[in-house]
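Right, one structure below, let's go through it.
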Amino acid sequence: MKFLLLSLSLLTASSAVTQTPIYLDVNAPLEDRVEDALSRMTTKEKVALSHAQSKFSSAGCERLGIPELWMSDGPHGVRAEINWNDWGYSNWGSDSVTAFPALTALAATWNPEMAALYGKSVGEEARYREKDVLLGPGVNIYRTPMNGRNFEYMGEDPYLAGVMAVPYIQELQKNGVAACVKHFALNDQEQWRGAVNVNVSDRALYEIYLPAFKRAVQDGGAWSIMGAYNRIWNQHCCHNERLLDDILKGEWGFDGAVITDWGGCHDTREAALNGLDIEMGSFTNGLTSEADFGFNDYYLADPYYNLIEAGEVNDSIVNDKARRVLRLIFRTAMDQSKPFGNKCTPEHYAAAKQIGDESIVLLKNNGILPLAPGKRILVVGENATRRLTDGGGSSELKVKDYISPLQAITEAYGNVDYAMGYKSGRPMYGRADEIPQAVQDSLRAQAVAKAANADVVIFVGGLNKNSFQDCEATDRQSYNLPFGQDQLIEELLAVNPNMIIANISGNAYAMPWIDKVPAVLHSSYLGTMGGASMADVISGKVNPSGKLPYSIPVKLEDCGAHAFGEKSYPGYDAAPSAEERPGGDVYGNPVDPQQDYMEDILVGYRWHDTKKIPALFPFGYGMSYTTYDYGKGSIAENGSGWTVSVPVTNVGNVAGQEIVQLYVGDDKASVLRPVKELKGFEKIALAPGETKIVSFDITMDDLKFYDEASKSWVAEPGKFKAYVGASSTDIRSTLPFELKK
């Protein structure tokens, strides 16, 4: 029988506690082991569990043989080692990793099998690096394309984000590495992130912004949750009584630990009483700034202990925090059965490649794709060579290998020339205005001159991980492409209309040139194998099967979050005069920034559908190199709900994968409801001529809305419609059904 030594009989004379040896069976139920350890800890030892001891670790209990917790940024890979108490990299030679595609790309696969493969692979790399907690996945809702951190999340629909998060979490945690699902909740912009107070209806909260987190907790079994920087109900999310105690731990029964985002804690009493379990990175901006404070000065360190000693925090709260942290340690650092892990293996590169392959979205094609060999190809654009794993904030990765689009396209076609076309500056901190205009003009002119002599131009631009692009701590400043790319594309088209746009971006962006371009590919940051995925889609070796996890509006004002002016985004300062402001916070934000979610439940395609504002490319949209025919759909009662079925046939001449989507709409309700909402999807592989029957079950829960008056979910009797289609607007079957009284 295996035993674990939990305490020692020989303690120093100065020790306040002496105990006899205790041996506890490591195969005993986890809760028994947790309670045994808890019963042997002093108050100071319990407090020590609840705050950082370095930039990315928190204490265990050395006296009892309980190890510390080591955390790492994610979720696209395991971040390089950070110094003990500053944000500098440690410059190890052994911390390079596989960069997996961004979570926006994972969502674009619409394939839970890819999410499971992703979680398994990144979990193995985290385990190899001896990490106990991986800070991800992120499931915040894509509310506005201006959010600099959208590339870390999984789109605008809570059902899609939740379904994709669950297998990622489950497979990650099989490695003995905890998922830390973030950022809970409503962290939907980076501007003023440390102070903005989000004003949102309970209905939008429960229908749009919480479901993916709930699914991650209840279906995924997440072992930890990261609080968000922002405020809700005028209380910071990292110590928000309603959010953490009432909803997360109360309504959902979460038994894991709540961890702050780095610098997300602001008050000892609130942190002690309102559901926070581990405080990390206080007195910094969570990214770059440092502080002179020691770890014992943290809110949940000595100040917390002093509150306990003063009798202002009762034992049940102290024990609940310690119990949750111990449970996290026992599930991870003390798991004797966890695998060894590995990193940068052929299997991991293959996983990254497969996820990337399935994520690329074909938005437009007049027949130029797949691109035949034998052409004189000019590749234009900085992203064709730029290493897009650099920058972006905490998701930056130190990659062992990186295949760029230019490298892969050159290997695929041979006769390839290159022109940068524009320049954006150094990773993360670069600004467009730092590049002299004469330099940009020269690069553009060189690209246009080369384009005139090419058979086809492949433009690889988009956004990057610089500030004010796809980057933590800043939001974008324009919906258009940066660094003069729109002008460059127009001038290239003027001399060579045979152009393929293959932009890389974690966000939607304006496309004023869309009517002139023969083909457009849309991909997110694809990591180590990204260039290979792009080249294989361009050549036809891979048939594109990704679909958009967010809508692409024609213009920014077509997005619901931007339809009401600055009150809805980015917000406004509610402090009426400078004299009434207490001086700001460590982030340098307005003192009382407020933001009203005035579009309410109508986020993304819900807004476009209900307000009849067509998107440039709708949610769920994506083309293929083959054609899929949807047969006549059917719906039938099944005893507990309804079953919808539809035959789908590949009527083209190449194999491919189609994503069949189910939406449900309520014809008439006592409250405003969207025209339709996603309630199911399935990705199917079809050979030429092959037919498959796709079936979905509609349950009573799929018909419900959140009723604010009764604080419950309600399904009103009446007529509904099931919509089966290839996107949120490409509906192939509309099937009426009725919920009777």
Side-chain angles (χ1 to χ4, degrees), residues 49-52 54-58 68-79 82 100 103 106 115 118-119 122-123 125-127 129-140 149 152-154 161-162 164-185 187 212-229 237-240 243-244 248-249 252 254-265 275-281 286-287 300 321 324-333 335 338 393-395 472:
L49 294 176
S50 285
H51 65 86
S54 76
K55 264 292 187 277
F56 280 93
S57 71
S58 60
E68 57 210 356
L69 281 170
W70 280 91
M71 309 174 193
S72 176
D73 276 316
H76 309 139
V78 187
R79 192 179 184 184
I82 303 293
F100 295 92
L103 288 190
L106 176 61
Y118 198 129
V122 76
E125 300 223 347
R127 177 80 286 284
R129 291 272 304 279
E130 298 186 350
K131 304 303 180 185
D132 303 305
V133 181
L134 188 69
L135 305 175
V139 295
N140 291 99
R149 217 164 181 181
E152 293 189 49
Y153 304 140
M154 289 194 274
M164 295 298 289
V166 167
Y168 178 111
I169 293 165
Q170 291 172 334
E171 293 300 316
L172 168 67
Q173 293 186 164
K174 287 178 182 178
N175 289 279
V177 178
C180 187
V181 184
K182 61 187 186 184
H183 303 87
F184 191 59
N187 188 177
F213 286 102
K214 183 179 181 181
R215 195 179 288 262
V217 167
Q218 295 190 332
D219 297 342
W223 292 340
S224 62
I225 291 283
M226 180 187 287
Y229 281 120
C237 290
C238 284
H239 34 78
N240 189 295
L243 192 64
L244 301 182
L248 177 63
K249 296 179 177 180
W252 300 352
F254 176 64
D255 71 353
V258 175
I259 304 172
T260 66
D261 206 336
W262 272 233
C265 189
L276 178 62
D277 301 310
I278 302 177
E279 173 193 0
M280 299 297 297
L287 193 62
L300 283 184
K321 289 187 194 300
R324 289 173 180 274
V325 180
L326 286 170
R327 189 178 291 128
L328 181 58
I329 293 172
F330 275 65
R331 283 169 165 167
T332 58
D335 178 6
K338 61 191 175 188
S394 61
S395 65
E472 180 181 357

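Here, residue 1 is the first one in the sequence, and each next residue gets the next number.
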With [X], which residues qualify under side-chain hydrogen bond (donor to acceptor under 3.5 Å, both in side chains), at least two apart?
{"X": "R324", "value": "D320"}
{"X": "D219", "value": "none"}
{"X": "W70", "value": "E68"}
{"X": "H51", "value": "none"}

- Contacts of C180 that satisfy side chain to side chain contact (heavy atoms under 4.5 Å, CB included) - sequence neighbours left out: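 Partners of C180 under the side chain to side chain contact (heavy atoms under 4.5 Å, CB included) test: V133, L135, S224, M226, I259.
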Exercise: identify the closest heavy-atom pair between [X] and [Y]:
{"X": "A52", "Y": "G281", "answer": "CB-N, 4.4 Å"}
{"X": "G220", "Y": "I169", "answer": "O-CG2, 3.5 Å"}
{"X": "L276", "Y": "E279", "answer": "CD2-CB, 4.3 Å"}

Check salt bridge (charged side-chain N to carboxylate O under 4.0 Å, His left out) between [X] and all other residues, then give those that pass, not counting sequence neighbours.
{"X": "K214", "result": "none"}
{"X": "R127", "result": "none"}
{"X": "K55", "result": "E290"}
{"X": "E152", "result": "R149, K182"}

- Taking 4.0 angstrom as the limit, do R331 and D255 come out as a salt bridge? yes
- Task: With sequence neighbours excluded, give me every side-chain hydrogen bond (donor to acceptor under 3.5 Å, both in side chains) pair touching residues 169-179.
- Result: E171-K174
- Query: How would you list, by chain and number, every residue that makes a ring pair (Phe, Tyr, Trp, His ring centres under 6.0 Å) with Y118, sequence neighbours excluded?
  - Reply: F100, Y168
- Query: Which residues satisfy the ring pair (Phe, Tyr, Trp, His ring centres under 6.0 Å) test with F184, sequence neighbours excluded?
  - Reply: F213, W252
- Query: Okay, side chain of T260, backbone of M280: is any donor-acceptor separation there less than 3.5 Å?
  - Reply: yes
